[in-house]
Colleague: 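Pasting a structure below so you can have a look.
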Amino acid sequence: MKLIDHSKVLNHMKPRLSFNVFFRFLFLLATLFGLLVLGILLYRIISEGFPYFDLHFFQSLPSRHPEQAGVYTALIGSIWLMAVVAPVSLILGVGTAIFLEEYAKKNAITTFIQINISNLAGVPSIVFGLLGLTVFVRALALGSSVLAAGLTMSLLVLPVIIVASQEAIRSVPKELRQASYGLGATKWQTILRVVLPAAIPGILTGGILALSRAIGETAPLVVLGLPLFLAFLPRTVFDIFTVLPMQIFNWTSRPQEEFRALAAAGIMVLLILLLLLNTIAVLIRNKYQRRY
Amino acid sequence: MADEPLKNHSIQDLISQKFKKRQSGFSFERIVPILLFLTALISVLTTIGIVLTLIFETITFFTRVSIVEFLTAKRWFPFSETHGSYGILPLVSGTLKVTGIAILVAVPIGIASAVYLSEYASEKSRRIIKPILEVLAGIPTIVYGYFALTFVTPILRSVMPGLEIFNALSPGIVIGIMIIPMIASLSEDAMSSVPNSIREGALGLGSTKFELALKIVLPSALSGIIASIVLAVSRAIGETMIVTVAGGSTPTLSWDVTRSIQTMTAYIVQVSQGDVGYGTTVYYSIYAVGMTLFLFTLIMNFIAQFVSRRFREEY
């Protein structure tokens with residue numbers, strides 16, 4: 001007589017095993033759903049926008065005639081925006097991260113700043129638009145300028161940079177700092193010459209992620225009153241301007257098919273810009289990443 | 001005697017000289033922490049700025065429109081001089097409809113993806129799939145808006161002939177797709193932090209992987225999963241461009257998802273785009289709506305933090 005009746009065990013296990021196989025399949029489908037949507041989205045945009053996606057599209061001003069319209073002002077505007085957001089948000093974000101990680105004592109104020117940052121990350125972007133409208137556009141009388149938009153966007157992406165920089169600084173091992181102190185370096189010398197160089201890949205990756213968030217964001221800029229249609233370029237940071245997402249929003253809101261296709265071509269430009277930024281982030285990470 | 005001049009230059013003297021120099025007068029070592037503290041203050045000032053802006057402009061709004069009307073009136077009709085009505089409920093119902101649909105789409109798919117990635121997928125396929133899923137989260141929302149209006153809405157309309165061009169269903173589904181990676185990624189983190197010894201215990205007792213996931217891993221990771229869902233709800237409530245482009249601009253108090261709606265965020269965009277003069281009641285109304293929106297998301301964020309702190313399982 002056998003101790004274990006295999007057929008009986010198998011009978012018991014069969015429904016449970018087939019459940020397992022069925023749900024494994026279901027979970028796989030759910031995972032693939034996201035990838036499928038991404039595929040459809042990209043296919044739709046490329047197939048719609050490709051007819052308009054040529055050199056002329058990059059060089060032309062926006063126009064009421066779809067066949068003449070282009071993204072020149074919007075693309076240059078997005079680059080202006082990046083030129084303001086990148087330095088402002090990096091200086092503020094990295095400064096805050098260094099303060100919290102290296103100088104701040106564990107007290108109520110530090111905890112408060114930390115909680116405040118994580119809550120700030122959850123505030124809807126359009127509320128930052130209301131802040132920018134009140135403070136930068138009205139109170140400081142900057143109008144719908146590059147500077148007003150750049151400062152608003154810098155505040156919006158600040159939590160992303162702070163959190164990324166904090167993680168990067170925290171992952172620099174204590175031994176490096178102690179070695180630096182041991183050689184007689186002061187705290188600031190240690191931070192500037194040892195900690196920051198070691199943390200720079202993480203900081204730059206976070207910075208680029210923040211920058212890609214800033215150039216894709218539309219809602220706060222609508223609230224700031226950026227024009228949907230602009231036929232000239234800004235000359236200084238105090239000039240009015242427009243950006244790629246605003247131009248795409250403008251074209252998408254029009255009922256004519258031709259403008260929808262233009263919107264798709266504009267999206268292609270925006271996605272290529274984002275792809276470039278993210279490639280740079282990956283390259284930086286791969287080139288400088290060191291494990292201690 | 002020959003040693004005398006050398007004494008002044010001994011290493012110890014040099015060090016003490018340097019220390020004296022550092023301790024007196026201008027020094028980087030003292031200025032830098034203050035400067036860094038000031039940059040850290042900016043993030044606090046941002047929060048204070050947001051709260052004060054919203055409070056002051058909302059108070060101005062409530063001097064013109066009573067708070068009772070704002071909270072209870074069933075009509076949102078701000079653009080009329082004489083028959084204006086400022087009841088927030090239609091805008092809130094628009095936001096809740098879209099958020100509800102998004103959650104119905106995102107929660108099952110997001111959690112199922114998280115279970116697959118954490119329990120079934122091999123290390124290699126996880127390392128490929130997860131970053132691609134995160135690309136979905138990085139796509140600008142205006143692109144999703146375009147997708148909702150030009151792709152999802154036409155498909156839905158061919159299935160449901162009664163659907164209006166602008167409706168709650170299409171942006172709801174697309175917002176759901178947008179927040180799938182958020183739920184999947186955060187839930188997967190929570191599930192991966194369940195220790196392997198517990199998994200091996202369950203498998204050793206003869207459970208299948210599905211039973212392991214359902215009865216062991218999901219309950220253990222529940223706080224992280226709930227926190228991820230609450231954060232996703234908060235994100236859906238604050239989402240602007242998708243509902244602006246595909247949701248319409250008709251604030252109505254109903255549960256009908258096939259008709260044109262307006263959310264709180266879309267109203268703010270509509271007013272910002274128009275030629276509304278500074279200082280008019282309509283101008284101040286966007287701050288009152290923004291305040292409501294801010295409170296909604298703030299409460300959600302606090303719930304998420306509370307849940308993940310209070311119910312966290314420690315191993």
Side-chain angles (χ1 to χ4, degrees), chain A residues 16-17 19-20 23-24 26-28 30-31 33-35 37-38 40-41 44-45 91-92 95-96 98-100 103 113 116-117 119-120 122-127 130-131 134-135 155 158-159 162 186-188 212 216-219 222-223 225 245 248-249 252-253 260 263-264 267 270-271 274, chain B residues 28-29 32-33 35-37 39-40 42-44 46-47 49-50 53-54 57 108-109 112-113 115-117 120 129 132-133 135-136 138 140-143 145-147 149-151 177 180-181 208-211 231 234 237-238 240-241 245 265 268-269 272-273 286-287 290 293-294 297-298 301:
Chain A
R16 292 171 59 200
L17 284 173
F19 247 136
N20 184 39
F23 275 99
R24 186 203 160 100
L26 209 63
F27 293 154
L28 178 63
T31 313
F33 176 78
L35 308 186
V37 171
L38 186 63
I40 295 175
L41 180 80
R44 280 280 304 179
I45 285 163
I91 289 171
L92 292 180
T96 307
I98 295 175
F99 177 77
L100 288 174
Y103 284 101
I113 295 178
N116 173 60
I117 290 166
N119 275 326
L120 213 51
V123 174
S125 59
I126 195 158
V127 174
L130 291 175
L131 173 76
T134 316
V135 175
L155 295 183
L158 201 51
I162 294 175
T186 63
K187 187 156 192 166
W188 177 237
S212 22
E217 200 53 82
T218 323
V222 184
V223 178
I248 296 166
F249 177 40
T252 308
S253 326
R260 298 271 166 87
I267 289 172
L270 182 60
L271 290 184
L274 289 174
Chain B
F28 260 122
E29 295 299 321
V32 162
L35 289 179
L36 293 177
F37 178 66
T39 63
I42 297 281
S43 66
V44 178
T46 308
T47 311
I50 287 174
T53 301
L54 291 177
E57 307 290 49
I109 296 178
S113 311
V115 172
Y116 183 80
L117 289 174
Y120 289 100
I129 294 173
I132 300 180
L133 267 185
V135 171
L136 266 183
T141 56
I142 183 70
V143 179
Y146 170 86
F147 186 62
L149 184 67
T150 64
F151 183 70
I177 291 168
I180 286 173
T208 63
K209 274 204 166 179
F210 173 63
E211 289 159 348
L231 285 178
S234 163
I237 290 176
T240 310
M241 294 325 287
V245 168
T265 49
I268 299 177
V269 168
S272 307
Q273 273 185 284
I286 62 173
Y287 289 93
L293 183 69
F294 180 68
T297 53
L298 194 67
N301 292 340

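Here is the naming used below: chain letters follow the sequence lines, and residue numbers restart at 1 for every chain. Below, each value reflects all heavy atoms present in this structure, side chains not excepted, and no hydrogens, waters or symmetry copies.
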Colleague: Look up atom OH in Tyr120(B) and atom OG1 in Thr31(A), then write down how far apart they are to the nearest 0.5 Å.
Modeller: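 Atom-to-atom, Tyr120(B):OH and Thr31(A):OG1 are 11.0 Å apart.
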Colleague: When only pairs under 4.5 Å are counted, which of Ile40(A), Val223(A), Ile45(A), Val135(A) shares the most heavy-atom pairs with chain B?
Modeller: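 Maximum pair count with chain B is reached by Val223(A).
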Colleague: Grab the two heavy atoms, one from Thr39(B) and one from Ile91(A), that are nearest each other, plus how far apart they are.
Modeller: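 Scanning both residues completely, I find the closest heavy atoms to be CG2-O, 4.5 Å.
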Colleague: What's the spacing between Trp188(A) CH2 and Leu36(B) CG if we round to 0.5 Å?
Modeller: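 The CH2 atom of Trp188(A) sits 5.5 Å away from the CG atom of Leu36(B).
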Colleague: When rounded to the nearest 0.5 angstrom, what distance separates CD1 in Ile42(B) from CG in Leu92(A)?
Modeller: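 So the CD1 of Ile42(B) and the CG of Leu92(A) are separated by 5.5 Å.
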Colleague: For chain B, which of Ile113(A), Val222(A), Leu26(A) has the most heavy-atom pairs under 4.5 Å?
Modeller: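 Sorted descending by pairs with chain B, the first entry is Val222(A).
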Colleague: Report which part of Ser253(A) has an atom under 4.5 Å of a heavy atom belonging to chain B: side chain, backbone, both, or neither.
Modeller: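 For Ser253(A), there is no contact with chain B at all, as no heavy atom is under 4.5 Å.
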Colleague: Is Leu41(A) close to chain B through its backbone or its side chain, or both, or neither, when contacts mean heavy atoms under 4.5 Å?
Modeller: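 Both backbone and side chain.
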Colleague: Please classify the contact of Ile132(B) with chain A as side chain, backbone, both or neither, using a heavy-atom distance under 4.5 Å.
Modeller: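 It is both, since atoms from each part get that close.
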Colleague: Hey, what do you get for OH (Tyr146(B)) to CD1 (Ile267(A)), rounding to the nearest 0.5 Å?
Modeller: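 Rounded to the nearest 0.5 Å, the OH-CD1 separation comes to 6.0 Å.
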Colleague: How many angstroms lie between atom CD of Glu211(B) and atom CZ of Arg16(A), to the nearest 0.5 angstrom?
Modeller: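 Between atom CD of Glu211(B) and atom CZ of Arg16(A) there are 4.0 Å.
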Colleague: If you count heavy-atom pairs within less than 4.5 Å of chain B, which of Ala263(A), Ala219(A), Gly225(A) leads?
Modeller: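 Most heavy-atom pairs within the cutoff with chain B belong to Ala219(A).
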Colleague: Quick check on Leu54(B) against chain A: is it the side chain, the backbone, both or neither that has a heavy atom closer than 4.5 Å?
Modeller: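 For Leu54(B), side-chain heavy atoms alone lie under 4.5 Å from chain A.
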Colleague: Which atoms of Leu130(A) are under 4.5 Å from chain B, going by heavy atoms: the side chain, the backbone, both sets, or neither?
Modeller: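 For Leu130(A), the contact with chain B is made by backbone and side chain together.
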Colleague: Under 4.5 Å heavy-atom distance to chain A, tell me which part of Thr297(B) shows up: side chain, backbone, both or neither.
Modeller: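 The side chain, not the backbone.
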Colleague: Identify which part of Ile177(B) has an atom lying under 4.5 Å from any heavy atom of chain A, answering side chain, backbone, both or neither.
Modeller: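 For Ile177(B), the contact with chain A is made by the side chain alone.
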Colleague: Between Phe210(B) and Phe27(A), what is the ring plane arrangement, given parallel below 30°, perpendicular above 60°, and tilted in between?
Modeller: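 Tilted, since the angle between the ring planes falls between 30° and 60°.
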Colleague: In terms of heavy-atom proximity below 4.5 Å to chain A, should Ser234(B) be classed as side chain, backbone, both, or neither?
Modeller: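 Side chain of Ser234(B) only, per the 4.5 Å heavy-atom cut-off to chain A.
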Colleague: So for Leu38(A), is it side chain, backbone, both, or neither that comes closer than 4.5 Å to the heavy atoms of chain B?
Modeller: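 Looking at Leu38(A), backbone and side chain both touch chain B.
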Colleague: So what's closer than 4.5 Å to chain A heavy atoms on Ile109(B): side chain, backbone, both or neither?
Modeller: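 Contact with chain A is through both the backbone and side chain of Ile109(B).
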Colleague: May I ask you to name which of Leu100(A), Val37(A), Leu17(A), Leu158(A) has the most heavy-atom pairs under 4.5 Å with chain B?
Modeller: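 Option with the top pair count is Val37(A).
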Colleague: Calculate, to the nearest 0.5 Å, the distance between atoms CD1 and CZ belonging to Ile98(A) and Phe37(B) respectively.
Modeller: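 It is 15.5 Å, given to the nearest 0.5 Å.
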Colleague: Side chain, backbone, both or neither: which part of Phe33(A) has a non-hydrogen atom closer than 4.5 Å to chain B?
Modeller: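 For Phe33(A), the contact with chain B is made by the side chain alone.
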Colleague: At a heavy-atom separation under 4.5 Å, does Ser212(A) approach chain B through its side chain, its backbone, both, or neither?
Modeller: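 Contact with chain B is absent: no heavy atom of Ser212(A) under 4.5 Å.
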Colleague: Would you say the side chain of Leu120(A) lies within less than 4.5 Å of the side chain of Thr46(B), judging by non-hydrogen atoms?
Modeller: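 Thr46(B) reaches Leu120(A) side chain to side chain.
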Colleague: So which heavy atom on Pro140(B) is nearest to which on Gly216(A), and how close?
Modeller: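 Reported closest heavy-atom pair: CB-O, 3.5 Å.
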Colleague: Exactly one of Val143(B), Val245(B), Val269(B), Ile142(B) should register a side-chain contact (heavy atoms from CB on, under 4.5 Å) with Thr218(A). Which one does?
Modeller: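 It is Ile142(B); the other options fail the test.
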Colleague: For Thr134(A) and Thr53(B), work out which heavy atoms get closest and say how close.
Modeller: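 Distance-wise, the nearest heavy atoms are OG1-CG2, 2.9 Å.
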